[in-house]
Amino acid sequence: MKSSSTDLILSMLQQHLDTGIAIARVDAASGGCINQTSTVTLADGSRYFLKVNQASLLEMFAAEADGLNAIRASSSLHAPGILAAARTR
């Protein structure tokens with residue numbers, strides 16, 4: 001991933017986590033056909049799944065976040081936590 005992209009990812013993670021974090025790796029993830037996906041590994045070993053698409057699809061990400069949060073709240077299935085759904089440009 002380009003350095004500018006890594007800088008943007010780091011900036012977004014720092015807004016939601018800790019300003020002292022560092023990215024160790026960004027690896028492309030496969031399996032989807034709608035979004036660009038990556039696994040972001042921080043220096044402390046924690047991992048985050050990143051989905052990227054056009055800003056015009058922000059509502060799609062917000063709806064997905066709402067659905068995953070509802071699943072988590074029901075305690076019926078495990079669902080990942082959502083850190084953010086944001087527009088960067």
Side-chain angles (χ1 to χ4, degrees):
M1 188 169 271
K2 294 185 220 172
S3 177
S4 61
S5 298
T6 302
D7 291 344
L8 179 60
I9 293 166
L10 179 60
S11 174
M12 292 188 71
L13 286 172
Q14 286 174 335
Q15 290 176 33
H16 300 282
L17 300 171
D18 180 8
T19 57
I21 64 171
I23 294 176
R25 298 175 54 119
V26 178
D27 298 303
S30 63
C33 60
I34 297 172
N35 304 296
Q36 293 177 326
T37 58
S38 302
T39 301
V40 179
T41 305
L42 301 183
D44 68 2
S46 59
R47 295 182 344 147
Y48 294 86
F49 185 70
L50 174 70
K51 294 172 76 170
V52 177
N53 209 317
Q54 299 173 21
S56 62
L57 297 175
L58 183 58
E59 287 184 33
M60 175 186 70
F61 286 111
E64 181 178 12
D66 288 345
L68 289 169
N69 286 331
I71 291 170
R72 285 174 59 87
S74 74
S75 299
S76 58
L77 296 171
H78 174 76
I82 306 298
L83 188 60
R87 178 185 220 140
T88 59
R89 297 178 195 176

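These numbers were taken from a predicted model, which means no experiment stands behind them.
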Asks: Can you see which heavy atom on G81 is nearest to which on R72, and at what distance?
Replies: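 Minimum heavy-atom separation between G81 and R72: N-NH1, 3.6 Å.
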Asks: Under the side chain to side chain donor-acceptor pair (under 3.5 Å) rule, collect the residues that match up with D18, sequence neighbours excluded.
Replies: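 Side chain to side chain donor-acceptor pair (under 3.5 Å) list for D18, sorted by chain: empty.
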Asks: Linking I/L/V/M/F/W/Y whenever any side-chain heavy atoms sit under 4.5 Å apart, do L17 and V26 land together?
Replies: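 Same cluster.
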Asks: Any side-chain to backbone donor/acceptor pair from T37 onto A29? Under 3.5 Å, distance only.
Replies: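 At least one qualifying donor-acceptor pair exists.
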Asks: For residues V52 and V40: do they belong to one hydrophobic cluster (side chain heavy atoms under 4.5 Å, members Ile, Leu, Val, Met, Phe, Trp, Tyr)?
Replies: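 Same cluster.
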Asks: Nearest 0.5 Å please: distance from the OH atom of Y48 over to the OG1 atom of T39.
Replies: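 Y48 atom OH to T39 atom OG1 measures 13.0 Å (nearest 0.5 Å).
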Asks: Are any of the side-chain heavy atoms of I23 and L42 separated by less than 4.5 Å?
Replies: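 Heavy-atom side-chain distance check passes, below 4.5 Å.
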Asks: Linking I/L/V/M/F/W/Y whenever any side-chain heavy atoms sit under 4.5 Å apart, do L13 and I82 land together?
Replies: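 Unlinked, L13 and I82 end up in two clusters.
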Asks: Is the number of heavy atoms from other residues, nucleotides or ligands under 6.0 Å of Q36 CD greater than 12?
Replies: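 Atom CD in Q36 is not packed in, count stays at 12 or less.
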Asks: Does the side chain of I21 reach to within under 4.5 Å of the side chain of D44, using non-hydrogen atoms?
Replies: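 No; the side chains remain at least 4.5 Å from each other.
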Asks: When rounded to the nearest 0.5 angstrom, what distance separates CE in M12 from CG in D7?
Replies: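 Output value for this atom pair is 13.5 Å.
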Asks: Show me, pair by pair, the donor-acceptor contacts under 3.5 angstrom made by side chains of residues 60-70, not counting sequence neighbours?
Replies:
residue, atom, partner, partner atom, Å
E64, OE1, K51, NZ, 2.8
E64, OE2, K51, NZ, 2.9
N69, ND2, A65, O, 3.2

